[in-house]
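What follows is one structure encoded as structure tokens, with my remarks underneath.
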Amino acid sequence: MTGETKERLETLAAPYGREVRVDDVRFESGMRLLRVTIREGTRITVLDIDPATALSWGNAMTQWAARVTSSEEKA
């Protein structure tokens, strides 16, 4: 893509050899999106999401992780 600048925020090693990259992407128009890139072998999935979606997604993941961690501690 042209007319954009990226700042790498995080690179995560995920299970089964997957990699998740998170970038802050700024476009010439001033629009700013969070780019999530998931690598699974040779397959690459790229999602550009807005701040509201990123917040909802982040909250959902945090709540899930807290529930799973809590239930594992009780077992």
Side-chain angles (χ1 to χ4, degrees):
M1 292 184 177
T2 60
E4 65 183 42
T5 58
K6 288 193 307 185
E7 177 188 351
R8 177 69 37 87
L9 301 176
E10 192 80 42
T11 300
L12 306 166
Y16 306 109
R18 294 180 180 118
E19 178 184 84
V20 179
R21 292 187 318 232
V22 182
D23 298 303
D24 180 7
V25 181
R26 297 172 191 230
F27 296 88
E28 282 182 3
S29 66
M31 181 173 59
R32 205 166 159 184
L33 297 173
L34 186 71
R35 179 166 295 159
V36 179
T37 305
I38 303 168
R39 289 183 169 264
E40 303 174 272
T42 58
R43 181 179 173 179
I44 299 172
T45 302
V46 178
L47 301 168
D48 285 345
I49 58 176
D50 65 306
T53 303
L55 186 59
S56 294
W57 190 7
N59 286 334
M61 288 191 292
T62 299
Q63 289 171 12
W64 173 83
R67 275 196 315 271
V68 170
T69 302
S70 176
S71 67
E72 288 176 354
E73 289 174 355
K74 292 176 184 175

Validation: residues 5-16 side-chain donor-acceptor distances under 3.5 Å, sequence neighbours left out:
from : atom 1 : to  : atom 2 : distance (Å)
R8   : NE     : D23 : OD1    : 2.5
R8   : NH2    : D23 : OD1    : 3.4

Which donor-acceptor pairs under 3.5 Å do the side chains of residues 51-63 make with protein atoms, sequence neighbours left out?
from : atom 1 : to  : atom 2 : distance (Å)
T53  : OG1    : D50 : OD1    : 2.4
S56  : OG     : A52 : O      : 3.3
N59  : ND2    : L55 : O      : 3.3
T62  : OG1    : G58 : O      : 2.9

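The side chain to side chain contact (heavy atoms under 4.5 Å, CB included) check on S29 picks up F27, M31, with sequence neighbours excluded. Residues satisfying the side-chain hydrogen bond (donor to acceptor under 3.5 Å, both in side chains) test with R26, not counting sequence neighbours, are none. Applying the side-chain hydrogen bond (donor to acceptor under 3.5 Å, both in side chains) rule to R18 yields the partners E40; only residues at least two apart in sequence or on another chain are considered. Contacts of E19 classified as side-chain hydrogen bond (donor to acceptor under 3.5 Å, both in side chains), with partners at least two apart in sequence or in another chain: none.
Taking CD1 from I49 and CZ from R35, the interatomic distance works out to 11.5 Å, rounded to the nearest 0.5 Å. Atom CG of L34 and atom CG of D48 lie 8.5 Å apart (nearest 0.5 Å).
Taken together through direct or relayed side-chain contacts under 4.5 Å among Ile, Leu, Val, Met, Phe, Trp and Tyr, L47 and V20 form part of one hydrophobic cluster. Cluster annotation: V36 is not connected to L33 through the hydrophobic network of ILVMFWY side chains, with a link wherever side-chain heavy atoms come within less than 4.5 Å.
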